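Computed from a predicted structure; not experimentally measured. Throughout, protein chains are lettered first and strands after them, A, B, ... in sequence-line order, and every chain is numbered starting at 1.
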Amino acid sequence: MENDSPSAVNLVDLDFMDARARLLDVASFLDRVERAGQMDDYRVDALLKAIPLLQNAGPDRAAEILLSLSDPSDEPIPEAHTKGAAGAFSGNS
Amino acid sequence: MKYIEPHAHMVSRTTADYEAMALAGCQVISEPAFWAGYDRSSEQGFHDYFSLLTGFEPQRAAKFGIKHFTWMCINPKESEDVGLANAVIDLIPEFLKCDNVLGIGEIGLNKNSRNELGVLERHIAVADEHDQLILVHTPHLEDKLKGTKLIIDALKNFPNIKPERVIIDHVEEHTVAPVKDAGFWAGMTLYPESKLTSRRAIDILEKFGTDKIWMNCACDWGVSEPLATPKAARMMAQRGHSEKMIEKVFFDNPRDFMAQSPKFEI
Ligand SMILES: [Zn+2]
(Lines give C-alpha, C1' and ligand atoms only; values in the text may rest on other atoms or scores of the structure.)
Protein backbone atom coordinates (compact mmCIF):
# COMPACT_ATOMS: atom_id res chain seq x y z
CA MET A 1 0.00 0.00 0.00
CA GLU A 2 1.51 3.30 -1.04
CA ASN A 3 -0.60 5.56 1.22
CA ASP A 4 -1.31 4.06 4.58
CA SER A 5 -2.27 0.64 5.81
CA PRO A 6 -5.73 0.01 7.16
CA SER A 7 -5.84 -1.00 10.80
CA ALA A 8 -6.31 -4.72 11.28
CA VAL A 9 -9.85 -5.82 10.52
CA ASN A 10 -11.01 -9.40 10.13
CA LEU A 11 -12.14 -9.24 6.51
CA VAL A 12 -13.53 -12.77 6.66
CA ASP A 13 -15.81 -11.74 9.52
CA LEU A 14 -16.83 -8.71 7.50
CA ASP A 15 -17.64 -10.28 4.14
CA PHE A 16 -17.79 -14.08 4.30
CA MET A 17 -21.58 -14.31 4.54
CA ASP A 18 -21.98 -12.01 1.54
CA ALA A 19 -19.48 -14.01 -0.56
CA ARG A 20 -21.17 -17.27 0.46
CA ALA A 21 -24.58 -15.95 -0.59
CA ARG A 22 -23.26 -14.75 -3.96
CA LEU A 23 -21.59 -18.09 -4.67
CA LEU A 24 -24.87 -19.88 -3.98
CA ASP A 25 -26.64 -17.45 -6.31
CA VAL A 26 -24.24 -18.43 -9.11
CA ALA A 27 -24.85 -22.13 -8.40
CA SER A 28 -28.62 -21.82 -8.36
CA PHE A 29 -28.54 -19.64 -11.50
CA LEU A 30 -26.74 -22.44 -13.34
CA ASP A 31 -29.17 -25.04 -11.93
CA ARG A 32 -32.14 -22.94 -13.07
CA VAL A 33 -30.73 -22.37 -16.56
CA GLU A 34 -29.95 -26.07 -16.92
CA ARG A 35 -33.47 -27.07 -15.85
CA ALA A 36 -34.79 -24.71 -18.53
CA GLY A 37 -32.50 -26.21 -21.19
CA GLN A 38 -30.72 -22.90 -21.84
CA MET A 39 -27.12 -23.90 -21.14
CA ASP A 40 -26.03 -23.32 -24.76
CA ASP A 41 -26.21 -19.51 -24.40
CA TYR A 42 -22.78 -17.89 -25.02
CA ARG A 43 -23.13 -15.89 -21.79
CA VAL A 44 -23.55 -19.08 -19.74
CA ASP A 45 -20.55 -20.52 -21.53
CA ALA A 46 -18.52 -17.41 -20.64
CA LEU A 47 -19.55 -17.72 -17.00
CA LEU A 48 -18.56 -21.41 -16.89
CA LYS A 49 -15.17 -20.56 -18.41
CA ALA A 50 -14.64 -17.80 -15.82
CA ILE A 51 -15.45 -19.93 -12.77
CA PRO A 52 -12.15 -21.91 -12.73
CA LEU A 53 -10.30 -18.56 -12.49
CA LEU A 54 -11.54 -18.38 -8.88
CA GLN A 55 -8.99 -21.10 -8.14
CA ASN A 56 -6.06 -19.04 -9.46
CA ALA A 57 -3.28 -18.11 -7.09
CA GLY A 58 -2.51 -14.42 -6.48
CA PRO A 59 -4.83 -11.52 -5.66
CA ASP A 60 -5.91 -10.74 -9.25
CA ARG A 61 -8.92 -13.01 -9.64
CA ALA A 62 -11.42 -10.20 -10.26
CA ALA A 63 -9.25 -8.67 -13.02
CA GLU A 64 -8.70 -12.10 -14.60
CA ILE A 65 -12.44 -12.80 -14.67
CA LEU A 66 -13.13 -9.38 -16.20
CA LEU A 67 -10.47 -9.99 -18.86
CA SER A 68 -12.02 -13.37 -19.69
CA LEU A 69 -15.40 -11.68 -20.27
CA SER A 70 -13.97 -8.84 -22.41
CA ASP A 71 -13.93 -8.23 -26.15
CA PRO A 72 -10.25 -8.96 -26.96
CA SER A 73 -10.18 -7.10 -30.31
CA ASP A 74 -8.43 -3.77 -30.93
CA GLU A 75 -10.13 -2.14 -33.92
CA PRO A 76 -13.26 0.05 -33.72
CA ILE A 77 -16.39 -1.63 -35.11
CA PRO A 78 -17.85 -0.16 -38.33
CA GLU A 79 -21.10 0.96 -36.70
CA ALA A 80 -22.97 0.59 -33.38
CA HIS A 81 -26.31 -1.19 -33.86
CA THR A 82 -27.22 -1.28 -30.18
CA LYS A 83 -26.51 0.88 -27.13
CA GLY A 84 -26.35 -1.91 -24.56
CA ALA A 85 -23.71 -4.44 -23.51
CA ALA A 86 -24.36 -8.09 -22.64
CA GLY A 87 -21.68 -8.75 -20.03
CA ALA A 88 -19.83 -11.37 -22.07
CA PHE A 89 -18.11 -11.30 -25.45
CA SER A 90 -20.19 -13.01 -28.16
CA GLY A 91 -17.27 -13.58 -30.52
CA ASN A 92 -18.35 -10.82 -32.93
CA SER A 93 -16.82 -7.40 -32.46
CA MET B 1 -18.44 13.78 6.89
CA LYS B 2 -18.07 16.43 4.19
CA TYR B 3 -17.69 15.01 0.69
CA ILE B 4 -17.85 15.89 -3.00
CA GLU B 5 -20.06 13.95 -5.43
CA PRO B 6 -18.03 14.26 -8.63
CA HIS B 7 -20.43 12.48 -11.01
CA ALA B 8 -24.22 12.63 -10.63
CA HIS B 9 -27.00 13.28 -13.14
CA MET B 10 -29.19 15.42 -10.92
CA VAL B 11 -31.59 16.47 -13.67
CA SER B 12 -33.00 12.93 -13.23
CA ARG B 13 -33.27 13.14 -9.44
CA THR B 14 -35.73 14.59 -6.98
CA THR B 15 -35.30 17.21 -4.27
CA ALA B 16 -35.49 14.33 -1.78
CA ASP B 17 -32.21 13.09 -3.25
CA TYR B 18 -30.65 16.54 -2.93
CA GLU B 19 -31.79 16.67 0.68
CA ALA B 20 -30.41 13.20 1.47
CA MET B 21 -27.07 14.08 -0.13
CA ALA B 22 -26.89 17.36 1.79
CA LEU B 23 -27.66 15.57 5.06
CA ALA B 24 -24.90 13.04 4.28
CA GLY B 25 -22.41 15.94 4.00
CA CYS B 26 -22.32 16.65 0.28
CA GLN B 27 -20.76 20.08 -0.42
CA VAL B 28 -20.34 19.95 -4.21
CA ILE B 29 -21.91 18.03 -7.08
CA SER B 30 -20.42 17.81 -10.56
CA GLU B 31 -22.85 16.80 -13.29
CA PRO B 32 -21.55 15.68 -16.68
CA ALA B 33 -23.84 15.96 -19.69
CA PHE B 34 -25.16 12.52 -20.64
CA TRP B 35 -27.66 10.46 -22.59
CA ALA B 36 -31.24 11.26 -21.60
CA GLY B 37 -32.42 7.63 -21.93
CA TYR B 38 -33.71 8.40 -25.44
CA ASP B 39 -32.10 10.00 -28.49
CA ARG B 40 -32.79 13.72 -28.75
CA SER B 41 -34.20 14.70 -32.13
CA SER B 42 -32.29 17.93 -32.74
CA GLU B 43 -29.50 20.15 -31.49
CA GLN B 44 -32.19 22.41 -30.04
CA GLY B 45 -32.95 19.64 -27.54
CA PHE B 46 -29.31 19.77 -26.45
CA HIS B 47 -29.36 23.56 -26.26
CA ASP B 48 -32.26 23.29 -23.82
CA TYR B 49 -30.48 20.55 -21.84
CA PHE B 50 -27.27 22.61 -21.60
CA SER B 51 -29.34 25.63 -20.49
CA LEU B 52 -30.89 23.48 -17.74
CA LEU B 53 -27.44 22.28 -16.58
CA THR B 54 -26.02 25.80 -16.46
CA GLY B 55 -29.09 27.68 -15.22
CA PHE B 56 -31.79 25.88 -13.30
CA GLU B 57 -29.89 22.91 -11.86
CA PRO B 58 -27.31 25.02 -9.92
CA GLN B 59 -30.23 26.95 -8.42
CA ARG B 60 -31.92 23.73 -7.37
CA ALA B 61 -28.67 22.50 -5.75
CA ALA B 62 -28.11 25.84 -4.00
CA LYS B 63 -31.42 25.43 -2.13
CA PHE B 64 -29.74 22.53 -0.33
CA GLY B 65 -26.46 24.35 0.25
CA ILE B 66 -24.71 22.37 -2.49
CA LYS B 67 -22.49 23.94 -5.17
CA HIS B 68 -23.26 22.59 -8.63
CA PHE B 69 -20.76 22.29 -11.50
CA THR B 70 -21.30 20.74 -14.91
CA TRP B 71 -19.62 19.50 -18.10
CA MET B 72 -20.69 19.84 -21.74
CA CYS B 73 -20.85 17.23 -24.52
CA ILE B 74 -22.98 14.92 -26.62
CA ASN B 75 -22.83 11.42 -25.17
CA PRO B 76 -21.18 8.63 -27.19
CA LYS B 77 -24.55 6.84 -27.29
CA GLU B 78 -25.75 9.58 -29.66
CA SER B 79 -22.67 9.55 -31.90
CA GLU B 80 -23.93 7.46 -34.81
CA ASP B 81 -25.84 10.50 -36.12
CA VAL B 82 -22.66 12.38 -36.96
CA GLY B 83 -24.51 15.38 -38.42
CA LEU B 84 -26.39 15.91 -35.16
CA ALA B 85 -23.24 15.29 -33.10
CA ASN B 86 -21.33 17.94 -35.04
CA ALA B 87 -24.17 20.43 -34.65
CA VAL B 88 -24.19 19.84 -30.89
CA ILE B 89 -20.40 20.15 -30.61
CA ASP B 90 -20.72 23.52 -32.35
CA LEU B 91 -23.01 24.67 -29.48
CA ILE B 92 -20.47 23.81 -26.79
CA PRO B 93 -18.05 26.79 -26.90
CA GLU B 94 -20.87 29.22 -26.03
CA PHE B 95 -21.69 27.18 -22.90
CA LEU B 96 -18.04 26.85 -21.86
CA LYS B 97 -18.31 30.50 -20.81
CA CYS B 98 -20.91 29.72 -18.12
CA ASP B 99 -19.78 30.06 -14.49
CA ASN B 100 -20.43 26.46 -13.48
CA VAL B 101 -18.95 24.67 -16.52
CA LEU B 102 -15.68 22.90 -15.68
CA GLY B 103 -14.95 21.29 -19.03
CA ILE B 104 -15.90 18.71 -21.65
CA GLY B 105 -17.66 15.53 -20.49
CA GLU B 106 -18.68 12.87 -20.19
CA ILE B 107 -17.23 12.05 -23.58
CA GLY B 108 -15.87 8.66 -24.55
CA LEU B 109 -17.04 5.48 -26.20
CA ASN B 110 -20.00 3.15 -25.77
CA LYS B 111 -19.83 0.35 -28.37
CA ASN B 112 -16.36 1.32 -29.66
CA SER B 113 -17.59 2.27 -33.15
CA ARG B 114 -15.79 4.40 -35.73
CA ASN B 115 -18.32 7.21 -35.46
CA GLU B 116 -18.07 7.22 -31.67
CA LEU B 117 -14.31 7.53 -31.99
CA GLY B 118 -14.61 10.38 -34.49
CA VAL B 119 -17.01 12.28 -32.23
CA LEU B 120 -14.70 11.66 -29.26
CA GLU B 121 -11.79 13.15 -31.21
CA ARG B 122 -13.84 16.24 -32.09
CA HIS B 123 -14.63 16.76 -28.40
CA ILE B 124 -10.98 16.38 -27.42
CA ALA B 125 -10.12 18.98 -30.06
CA VAL B 126 -12.63 21.42 -28.51
CA ALA B 127 -11.11 20.82 -25.05
CA ASP B 128 -7.66 21.37 -26.54
CA GLU B 129 -8.66 24.59 -28.28
CA HIS B 130 -10.42 26.03 -25.21
CA ASP B 131 -8.01 24.62 -22.60
CA GLN B 132 -10.71 22.65 -20.78
CA LEU B 133 -10.63 19.78 -18.31
CA ILE B 134 -11.96 16.47 -19.68
CA LEU B 135 -14.20 13.88 -18.02
CA VAL B 136 -14.32 10.56 -19.89
CA HIS B 137 -16.95 7.81 -19.83
CA THR B 138 -15.62 4.33 -20.61
CA PRO B 139 -17.87 1.61 -22.07
CA HIS B 140 -19.45 -0.98 -19.85
CA LEU B 141 -18.99 -4.71 -19.38
CA GLU B 142 -17.38 -6.62 -22.28
CA ASP B 143 -16.69 -3.38 -24.17
CA LYS B 144 -14.77 -1.62 -21.37
CA LEU B 145 -11.28 -3.04 -21.90
CA LYS B 146 -11.13 -2.33 -25.62
CA GLY B 147 -12.82 1.06 -25.24
CA THR B 148 -10.46 2.18 -22.50
CA LYS B 149 -7.45 1.36 -24.69
CA LEU B 150 -8.95 3.20 -27.69
CA ILE B 151 -9.73 6.24 -25.51
CA ILE B 152 -6.20 6.38 -24.07
CA ASP B 153 -4.75 6.20 -27.60
CA ALA B 154 -7.11 8.94 -28.82
CA LEU B 155 -6.12 11.25 -25.94
CA LYS B 156 -2.42 10.61 -26.53
CA ASN B 157 -2.82 11.79 -30.12
CA PHE B 158 -3.33 15.31 -28.72
CA PRO B 159 0.11 16.35 -27.42
CA ASN B 160 -1.25 19.48 -25.70
CA ILE B 161 -3.75 17.51 -23.60
CA LYS B 162 -2.09 16.94 -20.24
CA PRO B 163 -3.10 13.61 -18.69
CA GLU B 164 -3.41 15.16 -15.22
CA ARG B 165 -6.24 17.34 -16.62
CA VAL B 166 -8.25 14.29 -17.75
CA ILE B 167 -10.27 11.89 -15.58
CA ILE B 168 -11.18 8.52 -17.09
CA ASP B 169 -14.26 7.28 -15.28
CA HIS B 170 -15.90 3.91 -14.65
CA VAL B 171 -12.56 2.09 -14.26
CA GLU B 172 -12.60 -1.46 -12.92
CA GLU B 173 -9.94 -3.97 -11.85
CA HIS B 174 -8.82 -4.66 -15.43
CA THR B 175 -8.65 -1.03 -16.63
CA VAL B 176 -7.36 0.97 -13.67
CA ALA B 177 -3.68 0.17 -14.35
CA PRO B 178 -3.50 1.40 -17.96
CA VAL B 179 -5.34 4.60 -16.96
CA LYS B 180 -3.09 5.39 -14.00
CA ASP B 181 0.10 4.26 -15.74
CA ALA B 182 -0.58 6.79 -18.52
CA GLY B 183 -0.86 9.58 -15.91
CA PHE B 184 -4.63 10.12 -16.12
CA TRP B 185 -6.93 10.43 -13.14
CA ALA B 186 -9.24 7.45 -12.57
CA GLY B 187 -12.88 7.50 -11.49
CA MET B 188 -14.67 4.55 -9.94
CA THR B 189 -18.44 4.48 -10.31
CA LEU B 190 -20.40 2.56 -7.69
CA TYR B 191 -23.43 0.68 -8.97
CA PRO B 192 -26.11 -1.01 -6.89
CA GLU B 193 -26.40 -3.77 -9.52
CA SER B 194 -24.38 -5.23 -12.36
CA LYS B 195 -21.07 -3.31 -12.20
CA LEU B 196 -18.48 -2.08 -9.68
CA THR B 197 -19.49 -2.40 -6.02
CA SER B 198 -18.12 -0.42 -3.05
CA ARG B 199 -16.27 -3.47 -1.77
CA ARG B 200 -14.42 -3.88 -5.05
CA ALA B 201 -13.74 -0.15 -5.37
CA ILE B 202 -12.07 -0.17 -1.94
CA ASP B 203 -10.05 -3.23 -2.99
CA ILE B 204 -8.81 -1.20 -5.99
CA LEU B 205 -7.79 1.66 -3.68
CA GLU B 206 -5.90 -0.77 -1.47
CA LYS B 207 -4.06 -2.23 -4.45
CA PHE B 208 -3.42 0.89 -6.52
CA GLY B 209 -3.23 3.61 -3.88
CA THR B 210 -5.27 6.76 -3.32
CA ASP B 211 -3.47 9.18 -5.63
CA LYS B 212 -5.40 10.68 -8.59
CA ILE B 213 -8.53 8.59 -8.03
CA TRP B 214 -12.10 9.32 -6.92
CA MET B 215 -15.38 7.49 -6.36
CA ASN B 216 -18.79 8.60 -7.59
CA CYS B 217 -22.37 7.37 -7.74
CA ALA B 218 -23.30 8.45 -11.31
CA CYS B 219 -26.94 8.36 -10.21
CA ASP B 220 -29.33 8.96 -13.09
CA TRP B 221 -32.83 7.95 -14.28
CA GLY B 222 -32.03 4.23 -13.87
CA VAL B 223 -31.78 2.13 -10.73
CA SER B 224 -28.96 3.93 -8.95
CA GLU B 225 -28.01 5.14 -5.49
CA PRO B 226 -27.36 8.85 -4.87
CA LEU B 227 -25.78 7.99 -1.50
CA ALA B 228 -23.45 5.30 -2.87
CA THR B 229 -20.44 7.60 -2.41
CA PRO B 230 -20.84 8.39 1.32
CA LYS B 231 -21.86 4.76 1.93
CA ALA B 232 -18.56 3.65 0.39
CA ALA B 233 -16.77 6.09 2.71
CA ARG B 234 -18.47 4.40 5.65
CA MET B 235 -17.41 1.01 4.35
CA MET B 236 -13.82 2.25 4.13
CA ALA B 237 -13.99 3.12 7.82
CA GLN B 238 -15.34 -0.38 8.59
CA ARG B 239 -12.35 -1.79 6.72
CA GLY B 240 -10.02 0.10 9.03
CA HIS B 241 -9.02 3.04 6.85
CA SER B 242 -8.11 6.28 8.56
CA GLU B 243 -10.26 9.40 8.51
CA LYS B 244 -7.43 11.20 6.72
CA MET B 245 -7.39 8.68 3.89
CA ILE B 246 -11.18 8.76 3.57
CA GLU B 247 -11.14 12.54 3.39
CA LYS B 248 -8.47 12.37 0.70
CA VAL B 249 -10.53 10.06 -1.52
CA PHE B 250 -13.94 11.66 -1.00
CA PHE B 251 -13.04 15.33 -0.70
CA ASP B 252 -9.42 16.33 -1.38
CA ASN B 253 -9.00 14.34 -4.60
CA PRO B 254 -12.11 15.52 -6.44
CA ARG B 255 -11.42 19.07 -5.22
CA ASP B 256 -7.81 18.92 -6.46
CA PHE B 257 -8.81 17.62 -9.89
CA MET B 258 -11.66 20.07 -10.44
CA ALA B 259 -9.74 23.02 -8.97
CA GLN B 260 -7.54 22.85 -12.05
CA SER B 261 -10.39 24.82 -13.60
CA PRO B 262 -10.30 28.46 -12.42
CA LYS B 263 -14.11 28.34 -12.11
CA PHE B 264 -14.09 25.73 -9.34
CA GLU B 265 -14.44 27.19 -5.89
CA ILE B 266 -16.07 25.91 -2.73
ZN1 LIG C 1 -22.61 9.52 -16.17
Other residues, nucleotides and ligands only: do more than 12 of their heavy atoms fall within 6.0 Å of CD on B:E121?
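Correct, the count exceeds 12.
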
Nearest heavy-atom neighbours spanning B:S113 and A:A80
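Scanning both residues completely, I find the closest heavy atoms to be CB-N, 3.7 Å.
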
Are any of the side-chain heavy atoms of B:R114 and A:P76 separated by less than 4.5 Å?
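A side-chain contact exists here, since the closest heavy-atom pair is under 4.5 Å.
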
Residues B:K146, A:S73; criterion side-chain hydrogen bond (donor to acceptor under 3.5 Å, both in side chains); working and verdict
CA-CA 7 Å; B:K146 173 178 172 178; A:S73 69; 2.9 Å; yes

Using a 4.5 Å heavy-atom cutoff, which residues in residues 50-69 of chain A come close to chain B?
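Answer by number: A:P59, A:D60, A:A62, A:A63, A:L66, A:L67, A:L69.
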
What are the residues of residues 8-27 of chain A, in order of number, with any heavy atom under 4.5 angstrom from a heavy atom of chain B?
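The residues closer than 4.5 Å to chain B, in numerical order, are A:V9, A:L11, A:L14, A:D15, A:D18, A:R22.
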
How far does CG of B:N112 sit from CG of A:D74, to the nearest 0.5 angstrom?
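One gets 10.5 Å once the value is rounded to the nearest 0.5 Å.
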
Can you tell which part of A:A46 gets under 4.5 Å to a heavy atom of chain B, answering side chain, backbone, both or neither?
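Neither part.
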
Can a salt bridge be assigned to the pair B:K111 and A:D71 using a cut-off of 4.0 Å between side-chain N and carboxylate O?
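Salt bridge between B:K111 and A:D71, a charged N being under 4.0 Å from a carboxylate O: no.
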
Could you walk me through whether A:S70 and B:H174 pass the side chain to side chain contact (heavy atoms under 4.5 Å, CB included) check?
CA-CA 10 Å; A:S70 295; B:H174 59 323; 3.6 Å; yes

Chain A contact via B:D39 - which portion, at a heavy-atom distance below 4.5 Å
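Interface part for B:D39: side chain.
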
Specify which of B:L150, B:N115, B:D143, B:V176 makes the most heavy-atom pairs with chain A at under 4.5 Å.
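Looking at each option in turn, the highest pair count goes to B:L150.
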
Options B:K195, B:Q238, B:R199, ranked by heavy-atom pairs under 4.5 Å with chain A, top entry
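Of the options given, most contacts go to B:R199.
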
Are any side-chain N or O atoms of B:N110 and backbone N or O atoms of A:K83, one a donor and one an acceptor, separated by less than 3.5 Å?
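Indeed, once roles are kept as given, a pair shorter than 3.5 Å links the two residues.
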
